[in-house]
Amino acid sequence: MKQSLKTMRSKIYLTLLVFFTAIISCFSQDSGGSSSATTHTETTTMNIQPWMWIVGAAVFLLILIALLRGGKNKDSVSVTKTTTVEDRDI
């Protein structure tokens, strides 16, 4: 039981590490423009559509559910045993 908790916990930590690494790499992207002597200031706001938040949350929940349910299938084994008793007159 302790071993399965460790593996499930390590899967969750690994998933979060990959998720946050992807986020950090997305924020650290360069704009791709070349440097020049002229400077200009442009203010942009980040407008994310609501459906993007919904899709992102749904994907995150699906990954989380898949990781949490993955460990339960291995440990839950049901065994049924049928015995029959016959009375015989001797």
Side-chain angles (χ1 to χ4, degrees):
M1 184 69 178
K2 289 182 181 181
Q3 185 66 25
S4 66
L5 289 175
K6 286 181 182 179
T7 58
M8 185 172 54
R9 196 175 292 158
S10 64
K11 285 181 184 180
I12 291 172
Y13 288 142
L14 183 63
T15 303
L16 289 175
L17 177 71
V18 169
F19 181 71
F20 288 124
T21 304
I23 289 174
I24 290 171
S25 67
C26 289
F27 283 124
S28 66
Q29 292 293 321
D30 189 15
S31 64
S34 62
S35 62
S36 62
T38 60
T39 59
H40 63 282
T41 306
E42 182 178 332
T43 306
T44 59
T45 57
M46 188 173 171
N47 293 328
I48 297 179
Q49 300 294 328
W51 65 270
M52 289 183 183
W53 286 104
I54 294 170
V55 169
V59 169
F60 179 72
L61 286 175
L62 285 174
I63 291 172
L64 189 63
I65 289 171
L67 285 174
L68 292 177
R69 295 198 74 184
K72 290 183 180 178
N73 290 338
K74 295 176 186 174
D75 294 335
S76 60
V77 176
S78 61
V79 177
T80 57
K81 185 177 180 180
T82 306
T83 58
T84 57
V85 177
E86 295 180 10
D87 290 333
R88 294 185 184 173
D89 292 330
I90 298 181

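One is the number of the first residue; the rest follow in order along the sequence. Just so it is clear, the model here is predicted, and its values are computed rather than measured.
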Shared hydrophobic cluster, L64 / F19 (ILVMFWY, side-chain heavy atoms < 4.5 Å): yes

message: Could you see if V59 belongs to whatever hydrophobic cluster contains L67? Use Ile, Leu, Val, Met, Phe, Trp, Tyr and a side-chain cutoff under 4.5 Å.
response: yes

message: Assigning hydrophobic clusters by single linkage (Ile, Leu, Val, Met, Phe, Trp, Tyr; side-chain heavy-atom cutoff under 4.5 Å), is V55 placed with M52?
response: yes

message: Show the nearest heavy-atom pair for residues M8 and L68, with the distance to one decimal.
response: SD-CD2, 3.7 Å

Which residues share a side chain to side chain contact (heavy atoms under 4.5 Å, CB included) with W53, sequence neighbours left out: I48

field: Distance, nearest 0.5 Å, that separates CD1 of I12 from CD1 of I63
entry: 12.5 Å

statement: side chain to side chain contact (heavy atoms under 4.5 Å, CB included) filter on F20, not counting sequence neighbours, yields L16, I23

